[in-house]
Amino acid sequence: MSSNPVAETVASLMPRAKAELTELVAFRSVADFAQFPKSESEAAARWITEALGVEGFVDVALLDTPDGTQSVYGYLPGPEGAKTVLLYAHYDVQPPLDEAGWATPPFELTERDGRWYGRGSADCKGGFIMHLLALRALKANGGVPVNVKVIVEGSEEQGTGGLERYAEQHPELLTADTIVIGDAGNFRVGLPTVTTILRGMTLVRVQIDTLAGNLHSGQFGGAAPDALAALIRVLDSLRAADGSTTVDGLDASATWDGLEYTEEQFRSDARVLDGVGLTGGGAVADRLWARPAVSVLGIDCPPVVGATPSVQSTARALISLRVPPGVDAAEATKLLQAHIEAHTPWGARVGVEQIGQGQPFRADTTSPAYQAMADAMAVAYPGESMQYAGQGGSIPLCNTLAGLYPEAEILLIGLSEPEAQIHAVNESVSPEELERLSVAEALFLRNYAG
């Protein structure tokens, strides 16, 4: 990184950043309170509240959102007449999944092979630390030239919409000229990237019932309708032979016209096993950013260990459907429900319950904020120019903010590059990316202030 005072300040602050991220990662702040104590999320929220207070934020508040979680808000006033920038991150994290699969404990930040490992290190507790670093670097080099609002969400990973509904009920709270969402990531380490589209998401729970109770498979199997077998047929109907998503009535032919993603690079990023083919057709970028994609997130059925020779009377699954810009998530939900009902065999009883939903998002890349970010990233990443990419994931708040504040410019950056392996075991963050993106954000705020 070329020498400049902001970059030098951020570099000097990295040991403190590591210590703070260690503290923040230690909170088991999964916003699924059936699995993890609510007190862990509340403690993480208090930690963030205190951190904002130390940085001179005023009006710092814990916001009780309608889904039973807390978001943290703070305001840092800038010079009179300055523009206002909203910085976003979230402190809730995905469950660690199989803790035995982690090389080191998931809630202990651990340095290994030049990366920092821990759940939430990249997604998105590291994003909050990135915001702190950028602001500290500016304060040490002439001051923060804009008004800054910070909002740190407590349930983004659950898709339960608490902050979206709170923002709709208090539309004045998050007003800003520009919004920086720190929950995306570079296309690869060292390549500065802004995310210009996000797929939306719908999450449904499906239950199929066929019998009053389980039956002995030797006595009744062959004629008794097996709920688990029915569910398997339904789930199989959601994909074509090549693995592409097939929901009746849902278009899956759109194409992506931005950054190219080669199959070779994708296989490496996704750690696809040798000899295993990719699913779907068309370019990888089409499949990831321009088309719907269904995933079966979980199935309730007997585990192999301890299974009995029984015909199953009931079976459940949790299904996620990602939808690209141009597709209404509510309409996609209706199509998914209709598809499931139409493809349930043998007259089995089927129920579809919507659990979460978020609309897709497309950014306006012609705005002045994008030029300010491009100039900042060129300094933070010498020899590289800012790239535009899509992201298959969803950040439902983006569309809410775009609807509430149609004049606001929205940029998505962050630490979730492919090596970070977010949502998987052994999630990690690159400290070099944390440093460079903090510099980029600081310089962006200075550039944008004009």
Side-chain angles (χ1 to χ4, degrees), residues 29-33 38 41-42 44-45 48 61-75 84-94 123-124 127-128 131 149-184 195 197-205 320-334 336 353-364 391-412 414 416:
S29 51
V30 179
D32 181 351
F33 304 136
K38 188 175 184 179
S41 290
E42 292 173 339
I48 292 167
L62 285 169
L63 311 178
D64 293 317
T65 55
D67 62 353
T69 64
Q70 294 179 317
S71 293
V72 184
Y73 170 82
Y75 176 67
T84 298
V85 177
L86 174 67
L87 304 179
Y88 167 92
H90 64 84
Y91 69 83
D92 71 302
V93 298
Q94 286 285 338
D123 183 25
C124 177
F128 176 67
H131 295 327
K149 294 181 178 180
V150 166
I151 186 72
V152 189
E153 188 174 3
S155 58
E156 189 275 341
E157 298 291 8
Q158 297 300 313
T160 47
L163 183 55
E164 292 101 277
R165 296 201 297 276
Y166 190 95
E168 289 166 352
Q169 294 164 7
H170 305 83
E172 75 291 341
L173 185 72
L174 303 182
T175 54
D177 297 294
T178 281
I179 301 166
V180 178
I181 305 288
D183 191 25
T195 298
I197 72 104
L198 296 168
R199 286 192 295 197
M201 178 271 295
T202 187
L203 191 64
V204 299
R205 183 186 292 131
S320 165
L321 177 65
R322 304 286 181 166
V323 294
V327 176
D328 178 69
E331 180 62 24
T333 302
K334 293 177 182 177
L336 177 61
E353 178 187 5
Q354 183 175 335
I355 304 300
Q357 181 178 284
Q359 293 290 352
F361 169 78
R362 187 188 302 275
D364 175 11
Q391 181 172 299
S394 304
I395 306 175
L397 183 65
C398 277
N399 247 59
T400 299
L401 295 178
L404 288 173
Y405 319 120
E407 301 303 316
E409 305 171 72
I410 300 179
L411 298 96
L412 294 102
S416 299

Please give me the minimum heavy-atom distance between [X] and [Y], naming the atom from each residue.
X: S41; Y: Y91; answer: O-CE1, 3.4 Å
X: P66; Y: Q169; answer: CG-NE2, 4.0 Å
X: D123; Y: S416; answer: CB-OG, 3.9 Å
X: V204; Y: Q354; answer: CG1-CA, 4.1 Å
X: G154; Y: S71; answer: N-OG, 3.6 Å
X: A176; Y: A408; answer: O-CB, 3.4 Å

(message) The test is side chain to side chain contact (heavy atoms under 4.5 Å, CB included); show your working for E409 and D364 and say whether it passes.
(response) CA-CA 7 Å; E409 305 171 72; D364 175 11; over 6 Å; no
As an exercise, state the distance from [atom1] of [X] to [atom2] of [Y], rounded to the nearest 0.5 Å.
X: T69; Y: L163; atom1: OG1; atom2: CG; value: 8.0 Å
X: L198; Y: I410; atom1: CG; atom2: CD1; value: 9.5 Å
X: E172; Y: L404; atom1: CD; atom2: CG; value: 10.5 Å
X: L401; Y: E168; atom1: CG; atom2: CD; value: 9.5 Å
X: I151; Y: L173; atom1: CD1; atom2: CG; value: 6.0 Å
X: C398; Y: E164; atom1: SG; atom2: CD; value: 9.5 Å

A side-chain contact here means heavy atoms from C-beta on lying under 4.5 Å apart; do [X] and [Y] qualify?
X: M201; Y: S320; answer: yes
X: Q70; Y: L63; answer: no
X: Y166; Y: E153; answer: no
X: V30; Y: Q158; answer: yes
X: L412; Y: D183; answer: no
X: L62; Y: V72; answer: yes
X: D67; Y: R165; answer: yes

(request) Report, as yes or no, whether the 6.0 Å neighbourhood of atom CD on E407 holds more than 12 heavy atoms from other residues, nucleotides or ligands. (result)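 Check fails, neighbour count at 12 or below.
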Backbone of [Y] reached by a side-chain donor or acceptor of [X] within 3.5 Å:
X: K149; Y: T175; value: yes
X: N399; Y: P360; value: yes
X: S155; Y: T160; value: no
X: E157; Y: V93; value: no
X: Y405; Y: P171; value: yes

(message) I need the single residue from V180, I181, I179 that forms a side chain to side chain contact (heavy atoms under 4.5 Å, CB included) with L86. Which is it?
(response)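 Of V180, I181, I179, side chain to side chain contact (heavy atoms under 4.5 Å, CB included) with L86 is met by I179 alone.
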(message) For Y88 and H90, take the angle between the two ring planes, folded into 0 to 90°, and tell me which bin it lands in: parallel under 30, tilted 30 to 60, perpendicular over 60.
(response) tilted
